[in-house]
Number of protein chains: 2
Amino acid sequence: MAEMAEDGQGGGPRPGGAKGRPTLRTIAYMTGLGVTTVSRALNDAPDIGQATKERVRLVAGQIGYRPNRAGVRLRTGKTNVISLILSVETEVLGLTPHLVHGISERLAGTPYHLIVTPYDPRTDPLGPVRYIVETGSADGVIFSRIEPEDPRVRYLRERGFPFATHGRTAMDIVHPYFDFDNERYAEIAVRRLAARGRERLALLPPPANLTYCQHMSTGFARALDRLDLTEIPIREVTIDSAHEAIEAEVGRMMRSARRRPDGFVCGSASAAIAVISGAEAAGFEIGRDFDLAVKDSFHMMEKFRRQTVVIHEDFRAAGAFLADAVTRTLAGVPPGELQRIDVPPDA
Amino acid sequence: MAEMAEDGQGGGPRPGGAKGRPTLRTIAYMTGLGVTTVSRALNDAPDIGQATKERVRLVAGQIGYRPNRAGVRLRTGKTNVISLILSVETEVLGLTPHLVHGISERLAGTPYHLIVTPYDPRTDPLGPVRYIVETGSADGVIFSRIEPEDPRVRYLRERGFPFATHGRTAMDIVHPYFDFDNERYAEIAVRRLAARGRERLALLPPPANLTYCQHMSTGFARALDRLDLTEIPIREVTIDSAHEAIEAEVGRMMRSARRRPDGFVCGSASAAIAVISGAEAAGFEIGRDFDLAVKDSFHMMEKFRRQTVVIHEDFRAAGAFLADAVTRTLAGVPPGELQRIDVPPDA
DNA sequence: GTACAAATCTGAAACGATACAGTAAACCCG
DNA sequence: CGGGTTTACTGTATCGTTTCAGATTTGTAC
């Protein structure tokens, strides 16, 4: 084990004006105050004189003091870390980078750091959450792929551990979340496909275990009912399926007279690519033989298949809101005030 | 400031069999050994008996002991954190999520955590690096957007701080890196466009300050020379420009008889979308009026513009290699052994 | 002038880990 | 069997911070 940049800390109790990074001791020495006083002054404690506080803050600012995170963490248990738990089943298009950037933008300027914890939802849904709680390696967590009865939500709430979710549960637990109104999305999507004269619509949904699958299906079904359109069911694949599987299934549907849709509502941009590709491979053309609606946070569809019905979903805003929700939870804001549903505009 | 999940730690020196998370003290109490012995046993120190080591490890395993990171960090300065420094100018398509997943996959099972630090390359190239070194908030860093004379590389090496870069410098400093052979990429791209009979080629390069811009330009120029083709220069825009700017510039080029290329070599997938879109908006068709080559880690181009010449770049492998490079640097492996250039296959 | 309260400030202890400088026992040698 | 070495283990100090329980000074009331 090589120890790089070791600073050889032998040599007895060193004076306040030490060499390395300034600590409370350094400030205490410079101001002539006690370490305790300096600490309390910087934390704006009520029993420290105003003049002293200002003097301490001035010195601290001048010498570029920053509290040692390990010291704080050891003493208080506060890590100043927010953990984003990411599925390794990457939604390659857009979600991850936008979410990450939204979060870290909002965290910049706060004492919080963002750490990314990967997990495999199939084998280990509770693993990372449990790890974080048990080891106390973060003050709060953010995660997505929320289920109606989400064990992570229950686990965290039972232990009073702060979190915010990207998506809603169907539980009676009130917790911070950001969600896109997928019910509304599906309705709008159907409406706009209907406006193009489409009548036989298929929904390529998210995996059935996720809450927003139900939302999307509900909105889809209701709009179909209202407009008196036909649903062509898709059962074999979801937006999480491999592209090849989606393409194959769409190909089969298009080639079958009975099961052929003339419109698709798609749960993700990535899946939409596969749908279009599968339909085209079977000889069908978007805009002519079928239409497709999709959520997108990127402008790719609009460029490559201008006929696509695109409804914008803002993952960066989601990240920013979630970061905010967690830090405000840590500041004591009640969860009921930290919920938002992003409703797509009807236009 | 609400304190959640506080565990009320009053009550005098508590016994070894405490309530909360097990510490070295817990194990010491259970085994009847001293705390020091337990620590050294777990760290496989040479002066601890074999039998004792095994006994300690057994107990530690049974009760699920995990070292307190804050304790270790405070005492030793070791954070067990790798920081990925990400530009907020997101390369939305593919790079970020793949890199993040590649890194965290490789870090899983090690004691290392991944933290993501955002920065704005225009205003603050050195900022996050300096912050990390000064506050000691990570053991090593990974970053991209490398310049031939990269101040971050110099800064880190001067201070002996471990790092690995995604991209190369032109400096004499030997350091760990992963790079894609962009020179080779450009050559292959040109060759394949030439094979389609294209003769007037334009390169949409990365920003000129990045090292791989030079690599790509060199490869491009050399292949043009060798095959006796014409270069149509692009000066106004790079792959980092706004899509609108790229579209506009490509539109102008296509409409001008003198400046019209019949082939594009593109530095990124995102930019390629804009190029195609710009050319199509001007009434030109890929495969008929022009061809385009692009690096892609996703399979979108192949689906939407089947004529595209796609050369695959594996960002996940990059992430895995870089994570490995940093941890191995920390383990004392010399930097010269931690370099890799990913050469795209000629096929 | 005494008693009490308020306003400021402070040392010691603790969080969990490891480095250092030992100590105790066993072993080896002539 | 004394002296020296080796083996195995341990107490103390320390990293930087905050909490706790005072301590000191000043102000106020009677």
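Only this structure's heavy atoms are used, side chains among them; waters, hydrogens and symmetry mates stay out. Predicted model only: the values in this text are computed from it and were never measured. The chains referred to below are lettered A, B, ... by the order of the sequence lines, with proteins before strands, and numbering in each begins at 1.
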**Request:** Give me the one residue out of Ile82(A), Ile103(A), Val141(A) that meets side-chain contact (heavy atoms from CB on, under 4.5 Å) with Val326(A).
**Result:** Ile82(A)
**Item:** Pairs satisfying salt bridge (Lys or Arg N to Asp or Glu O under 4.0 Å), at least one member in residues 105-115 of chain B, at least two apart
**Value:** Glu105(B)-Arg316(B), Arg106(B)-Asp324(B)
**Request:** Kindly indicate whether a cation-pi arrangement holds for Arg159(B) with Tyr155(B), taking the cut-offs as under 6.0 Å to the six-membered ring centre and within 45° of the axis.
**Result:** yes
**Closest to the Thr23(A) side chain, choosing from dC15(C), dG16(D), dA17(C)** = dG16(D)
**Asked** Rounded to whole angstrom units, what separation is found between the CZ atom of Arg69(A) and the C1' atom of dT18(D)?
**Response** 17 Å
**Asked** What residues, two or more places apart in sequence or in another chain, satisfy side chain to side chain contact (heavy atoms under 4.5 Å, CB included) together with Val72(B)?
**Response** Pro67(B), Thr76(B)
**Asked** Does the pair Tyr65(A) and Val59(A) meet the rule for a side chain to side chain contact (heavy atoms under 4.5 Å, CB included), with working shown?
**Response** CA-CA 8 Å; Tyr65(A) 168 76; Val59(A) 173; over 6 Å; no
**Message:** Could you tell me how far apart Asn68(B) (CG) and dT17(D) (C1') are, to the nearest whole angstrom?
**Reply:** 14 Å
**Message:** Could you tell me how far apart Lys78(B) (NZ) and dT14(D) (C1') are, to the nearest whole angstrom?
**Reply:** 20 Å
**Request:** Estimate the overall bend of the helix from dG1(C)-dC30(D) to dG30(C)-dC1(D) from the end axes over five pairs each, rounded to 10 degrees.
**Result:** 50°
**Message:** The criterion is side chain to side chain contact (heavy atoms under 4.5 Å, CB included); which residues satisfy it with Pro128(B), sequence neighbours excluded?
**Reply:** Ile85(B), Thr117(B), Tyr119(B), Asp124(B)
**Request:** Send over the distance from Arg73(B) CZ to dC15(D) C1', rounded to a whole Å.
**Result:** 12 Å
**Complete:** Protein heavy-atom contacts under 4.0 Å, written 5' to 3' over nucleotides 5-12 of chain D as B (base), S (sugar-phosphate only) or - (none), form the string ---BBBBB
**Asked** Once you round it to whole Å, what is the distance between P of dT18(C) and CZ of Arg25(B)?
**Response** 15 Å
**Message:** Taking only side-chain N and O atoms of Asn43(A), does any of them lie within less than 4.0 angstrom of OP1 or OP2 on dT18(D)?
**Reply:** yes
**Asked** In terms of side-chain heavy atoms of Leu74(B), which of dT18(C), dC15(D), dT18(D) is nearest?
**Response** dC15(D)
**Prompt:** Can you tell me if the side-chain N/O atoms of Ser39(B) get under 4.0 Å from OP1 or OP2 in dT18(C)?
**Reply:** yes
**Request:** From the options dA14(C), dT18(C), dC15(D), select the nucleotide whose nearest atom is closest to the side chain of Arg75(A).
**Result:** dA14(C)
**Rounded distance in Å - CG (Leu24(A)) to P (dA12(C))** = 17 Å
**Message:** Main chain of Val133(A), side chain of Ser137(A): is a donor-acceptor contact present, judged purely on distance under 3.5 Å?
**Reply:** no
**Message:** Looking only at side-chain N and O atoms, does Asp139(B) offer a donor or acceptor that is under 3.5 Å from a partner on Thr79(B)?
**Reply:** yes
**Fill in**
Hits for side-chain hydrogen bond (donor to acceptor under 3.5 Å, both in side chains) against Thr36(A), two or more places apart or cross-chain, chain-then-number order -> none
